[in-house]
Amino acid sequence: MTSEAAVMDVPHVGAGTGVTNAKLGIWLFLASEIMLFSTLFTTYIILRLGSSSWPRGWNVLNVPMGTLNTLVLITSSVTVVMAYAKAVERKRGQFRLFMGLTIALGVAFLIIKGFEWGAHFKAGEFPSSSIFLAAYFTMTGLHALHVIGGLITNSILLVLSEKQWDHPLFVGRVEAAGLYWHFVDIVWIFLFPALYLL
Amino acid sequence: MDTSHHNQSWLRKYVFSTDHKTIGLQYMFTALTMLLIGFTFVMVMRWQIAFPDLPIPVLGRWLPARLAPNGVMTGAFYNSLGALHGTIMVFFGIVPLAVGAFGNYIVPLQIGAPDMAFPRLNMLSYWLYFAASIFILSSFFLPGGAAQSGWTSYPPLADFNPGQTAWILAMVIVITSSLLGAINFLTTIINMRAPGMTLWRMPIFVWSEFVASVLLLLAFPPLEAGSVLQLMDRVMHTSFFLPKEVMLFGVLYKGSGGGQPLLWQHLFWFLAHPEVYILVLPPMGIVAEIIANNTRRPPHGYKIIISSMLFIGALSFVVWAHHMFLSGMSPVLANFFLVTTMIISVPSVAILTCLIYSLRGGSIRFNTPMLYALAFLPMFGIGGLTGLPLGLTPTDIYLHDTYYVIGHFHYIVVTGSIIAMFGGLYFWFPKFFGRKMNDTLGKIHFWGSLICMNGVFFPMFITGMAGESRRLWVPTAQVHDLAVQPWNVVGSISAWLLFLFQLPFIYNFFHSLFYGEKTAENPWHATTLDWACPSPPPHGNFAEPVRVYRGPYEYSLPGAKHDWLPQNLESEAAL
Amino acid sequence: MSGYYRWLGLPIEASSYAHSIDYGLLLIHAAMLLIFVLWGIFFAYLLVRYRQRDGVPATRDDERHGWGSLIPDLIVMAFEIALIVFYAIPVWSRIKVDEPMGKVNTIDIVAQQFAWNVHYPGPDGKFGKSDPKLVSFTNPIGLNLKDPAAKDDIVLSDEIHLPVDVPTLFNLSSLDVIHDFAIAAFRVKQDIVPGMMIPVWVTPTKVGTYELFCAQLCGFGHSLMHGRVIVQSQKDYQAWLKSMAPAPSAAAQPANSANSF
Ligand code: HEA
Ligand code: HEA
Ligand code: CUA
Ligand SMILES: [Cu+2]
């Protein structure tokens, strides 16, 4: 690892753009993620328009739980911004507090989601039961995978803050992870009304 | 030069390396191997196409009875070979060679960067690709066998056919690898250019990789989403692509219904049309580099070529449904895609025109790389021109899903992309290994390949025009194309001869690797930065930081002593 | 099959719009050939004229004429626009969008792996209802035999009889996967998507026997999925229809399984 860092004389800030590689990279990554989820939303719209009957989300899904989850995720977006701010201010203890909170909220989101799914399964509702449920499980499932990905990155940063707090790239990485976490949040903000409320 | 790579273990240096050059070569060897495997598959298929009732010689006795009872292949096995030929050639052969190998090795050199922006991500891309390659090949040995629904994998067939799950999983892995690669390339090209390397001083090859990466980044996610949906259909028994009441082999399938088979086609072609330009833009870039170098003059219309590439890239997102004129999609919608398809052919003509005009006033050196680059031009012309009758809606009614389509795109991807990349291999071999490939063997390889490729693919226009469908396990079963069956025999024999002409290349490649004539830093007297570092370049690429003073192709400047002036030299005195 | 192939290697034109498709093929191929030959000659000339020679250095472009090379583009573009406006859109609309007028002969085609089921309404002109749940080996399209309209229906396998010069509307549907209804001599080709009913019309213009084949990969037996199209004079066709009129009990049995094309 150490020899690696020495060998790689890779500049980390673009000469012409002034943007770090990490930040540019994460924006490009988000562009492809946006394509991924817009495809799923388009699919959802096409399937819905093409179906003769389509259930109302609130008749099938648990709206209170979904609302709760929306609040949880929005709060976690705030905490991740706080974590980034503290990293910029170089306050390690508070960074860890807010990053920890963000992770806890993410876990809470997954647990609530798990209860929702569990209730559906108990009621005999599976992805194969109807095209609406197929879309619901696939889209929320894929979103949950993204949440898990975010949790892993955030946890890694939490651990790294121990030893690499002064690494020149640390703040940039926190920012990139924060951008990603916001994206995951925004996807949910589209998913929730599309599936539960419309 | 730094010395720190002494303490790297062999494994770190050659296998799990993060150096873009090592990764580029890893991509190159894997992709060439995959091309050879894809070629082998099609050579076996060509036996069936030529002599459908006869047992396959030699191989027929080794194949298990499940695949080829009495040595005659089954329809399912034929379809597996076909599906895997298409998939492997496109996603595991040409793209990794064009982007993974040439892009990885050459792009950082040409922009004067020490490495890619994210070296470890780069390594991850390669290993994901490698894993996906192994996985898709091993699918022949999995319980369901290999996929057999064509490279297009249209449901409902693909929702039910055995082997498809492995195909989807391999695709998801290779898509992930390509996405990570695209992010890496874009960041590198945007952020890591040497001082003075403005956008309009970038070599055409770098631009072509840039456009290809944008396409990869934005076009692959929809197919990834589509693959997830198809996976759900197969594993969780959802019905994203299934209407109510579908039968499979005479039994009613108990799915919820409510899905749409055409949805997949839209998702697939939304990727696959941009994908075909990913197959051809980097080879075009290679051709431009070789032509500039061997005509000893700047290419004609540098800016036209680049704007055309950007235009093609943007427009390639709105032509996808020209593959679906007859799919059952609204015939009125077809008019829109007819128009966009015709428009997108215009920038291709512009690029070709510029490349041909580049020859005018040149001092053309006919060395091996140049022969390949020159052959690209008329061959791509044939492939591109035959795209026009396919793009016209009325004539596509007749030509759709015939061998004419197969001929069309093989002229582009084989006599176009493969030929161009062979040229690129001969051209950059000295950079990769510090040695030159043998010229005579190279010329034998060139003429043999060019003639045999035409022998395989031109007859396809004849059989296609006679109405012969593609993907025919037993072409002689259909009476209306019995009369053109001899052309299938001609094609098959040419395909096998084509293989024989690859032997000099394979020998030349490995022999030159160890015993080839040693070359200096810049054997072709080229101007771009990839020739301004030692061959092969050390870790970190450039001995001292490079600066760029001029455009990429300053050949034959009036009044100069030499006919080339590299980008990194302040004045000719330094040559 | 002598006399089957014509110029460009195309099969004979046996339908009302075959000629307009062939006309387009001829036009575009002539243009392609012209473009290719002109470019080819120019290309060869450049290769010879500008080969490397001692003492003849390469010359660079005069910057001011940089955009002149777009002229061939403009020509190609003008030609393509003309093709779109005067050829492609009108012909496509006539074939795929417009409905045939007047008396139409309607036939249902039900594709399955790997056979063509051809469903005629019979003398009453009404199609019996069908239901996939009723599909069985002897009832390949799941015709509901209780439906009175089904009593006189005719179901053939891999064989279509058509009267010459009568516009025919095929309603295409599939029981299982995507197939493609293709008759080369008619220049007809249309994918058949399960869950959809896709109309295709054509007027046969030449008496004779042609081949119907599947043009979309539908499984291991895809290449074996073909049948006969028999175009008869209107008199012969009526005679054939009469001969097919089923005895009431035998209704809707596959009356003919001619596979020996
Ligand atoms: C790299 C790949 C590539 C490229 C570049 C293209 C380019 C084009 N393609 Fe092709 N295409 C494929 C790969 C490609 N295609 C594949 C893989 C399929 C089949 C997929 C499947 O079904 O499995 C396909 C299928 C396909 C179809 C669907 C056919 C069908 O299934 O019915 C259509 C229809 O519009 C089409 C059109 C075009 C057009 C108009 C272009 C245009 O962009 C072409 C423009 C180029 C020119 C017009 C050439 C101009 C050159 C000259 C004029 C110079 C001549 C020079 C000399 C003589 C020196 N293509
Ligand atoms: C990029 C794409 C690509 C490439 C390169 C090729 C290359 C070739 N293809 Fe392929 N083909 C497809 C993409 C491609 N094909 C697709 C998408 C389909 C449709 C599949 C479907 O229906 O679903 C298809 C279908 C297809 C068919 C129709 C099958 C059918 O419809 O039933 C045929 C028939 O002959 C064919 C033939 C060939 C031949 C002879 C080559 C040859 O020209 C190959 C030549 C290869 C080489 C010359 C490479 C040799 C490599 C080396 C020499 C490397 C040496 C190694 C080292 C040094 C380590 N192809
Ligand atoms: Cu039915 Cu192919
Ligand atoms: Cu296309």
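In what follows, every chain begins at residue 1, and chains take the letters A, B, ... in the order their sequences are listed.
- Using a 4.5 Å cut-off between heavy atoms, C:Leu47 touches chain B through backbone and side chain atoms alike.
- Contacts between B:Glu468 and chain C at a heavy-atom distance below 4.5 Å are absent for every atom of the residue.
- Judged by distance alone, the side chains of B:Ser363 and C:Arg53 never bring a donor and an acceptor atom under 3.5 Å apart.
- For chain B, the nearby parts of C:Gln216 are the backbone and the side chain; heavy atoms of each come within less than 4.5 Å.
- Counting heavy-atom pairs under 4.5 Å between each of C:Gly195, C:Pro194, C:Gly9 and chain B puts C:Pro194 at the top.
- If you tally non-hydrogen atom pairs under 4.5 Å between each of B:Ala158, B:Gly391, B:Cys354, B:Ser556 and chain C, the highest count goes to B:Ser556.
- Contacts of B:Pro394 with chain C are made by both backbone and side-chain atoms, with heavy-atom separations under 4.5 Å.
- Looking at C:Gln190, both its backbone and its side chain come within 4.5 Å of chain B, counting heavy atoms on both sides.
- Proximity to chain B involves both the backbone and the side chain of C:Ile178, based on heavy atoms less than 4.5 angstrom apart.
- For the atom pair B:Met460 CE and B:Thr463 OG1, the distance stands at 7.0 Å (nearest 0.5 Å).
- No part of C:Tyr45 comes within reach of chain B, as not one of its non-hydrogen atoms sits under 4.5 angstrom from that chain.
- No other option in C:Gly24, C:Gly40, C:Cys218 has as many heavy-atom pairs under 4.5 Å with chain B as C:Cys218.
- Relative to the ring axis of B:Tyr555, B:Arg296 does not place its NZ or CZ within 45° and under 6.0 Å from the centre.
- In this structure, the portion of B:Asn79 lying under 4.5 Å from any heavy atom of chain C is its side chain and not its backbone.
- Minimum heavy-atom separation, C:Val177 to C:His179: O-CD2, 3.1 Å.
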* Going through the checks in order, is the side chain to side chain donor-acceptor pair (under 3.5 Å) test met by B:Gln478 and C:His226? -> CA-CA 7 Å; B:Gln478 300 188 359; C:His226 62 124; 5.9 Å; no
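- For B:Tyr78, no part lies under 4.5 angstrom from a heavy atom of chain C.
- The part of B:Leu252 that comes within reach of chain C is its side chain, from C-beta onward, which places non-hydrogen atoms under 4.5 angstrom from that chain.
- Partners of B:Thr341 by side chain to side chain donor-acceptor pair (under 3.5 Å), not counting sequence neighbours, listed by chain and number: B:His322.
- The aromatic rings of B:Tyr411 and B:Phe461 sit parallel to each other, their planes meeting at less than 30°, with 60° as the upper class boundary.
- Interface remark: C:Trp39 contributes side-chain atoms only to the contact with chain B (heavy atom separation under 4.5 Å).
- Counting heavy-atom pairs under 4.5 Å between each of B:Thr395, B:Leu359, B:Thr393 and chain C puts B:Thr393 at the top.
- Interface remark: of the candidates C:Arg49, C:Gln112, C:Met225, C:Lys96, C:Lys96 forms the most heavy-atom pairs closer than 4.5 Å to chain B.
- Between C:Phe186 and C:Tyr210, the ring center distance clears the sub-6.0 Å criterion.
- Between B:Tyr403 and B:Trp487, the distance separating the two ring centers is not shorter than 6.0 angstrom.
- Residues C:Arg228 and C:Asp158 have side chains not in contact (no heavy-atom distance under 4.5 Å, counting atoms from C-beta outward).
- Between C:His19 and C:Tyr23, the ring planes lie tilted relative to each other; the angle falls in the 30° to 60° range.
- Heavy-atom distances place no part of B:Pro475 under 4.5 Å from chain C, backbone and side chain included.
- For a residue to count as touching a neighbouring chain, one of its non-hydrogen atoms must lie under 4.5 Å from one of that chain's; by this rule B:Thr295 touches chain C with the backbone only.
- Of the two parts of B:Ser149, only the backbone, made up of N, CA, C and O, holds a non-hydrogen atom closer than 4.5 Å to a non-hydrogen atom of chain C.
- For chain C, the option among B:Thr152, B:Leu392, B:Asn294, B:Leu482 with the highest count of heavy-atom pairs below 4.5 Å is B:Leu392.
- Note: C:Trp92 leads C:Phe43, C:Trp92, C:Phe220 in heavy-atom pairs under 4.5 Å with chain B.
- Interatomic distance, CZ of C:Arg60 versus OH of B:Tyr553, reported as 13.0 Å (0.5 Å rounding).
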* Asked: Would B:Ser358 and B:Arg297 satisfy side chain to side chain donor-acceptor pair (under 3.5 Å), going step by step from the backbone distance to the final call?
  -> CA-CA 8 Å; B:Ser358 300; B:Arg297 65 192 294 285; 4.9 Å; no
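- In this structure, chain C has no heavy atom under 4.5 Å from any part of B:Leu352.
- A salt bridge links C:Arg187 with C:Asp22: the closest approach of a Lys/Arg side-chain nitrogen to an acidic carboxylate oxygen falls below 4.0 angstrom.
- In this structure, the portion of C:Met196 lying under 4.5 Å from any heavy atom of chain B is its side chain and not its backbone.
- Comment: B:Lys254 does not engage B:Glu245 in a salt bridge, judged by the lack of any side-chain N to carboxylate O separation of less than 4.0 angstrom.
- In this structure, C:Phe181 has its ring center no closer than 6.0 Å to that of C:Phe213.
- In this structure, chain B has heavy atoms under 4.5 Å from both the backbone and the side chain of C:Leu217.
- Contacts with chain C were tallied for B:Leu262, B:Val349, B:Asn161, B:Asp396; B:Val349 has the most, counting heavy-atom pairs under 4.5 Å.
- Of the listed residues B:Val339, B:Ile343, B:Thr74, B:Leu374, the one with more heavy-atom pairs under 4.5 angstrom with chain C than any other is B:Leu374.
- Proximity to chain C involves both the backbone and the side chain of B:Leu557, based on heavy atoms less than 4.5 angstrom apart.
- B:Phe241 has its ring centre no less than 6.0 Å from the ring centre of B:Tyr154.
- Interface residue C:Ile21: backbone and side-chain heavy atoms are both found under 4.5 Å from chain B.
- Interface remark: of the candidates B:Gly467, B:Ser469, B:Gly362, B:Gly362 forms the most heavy-atom pairs closer than 4.5 Å to chain C.
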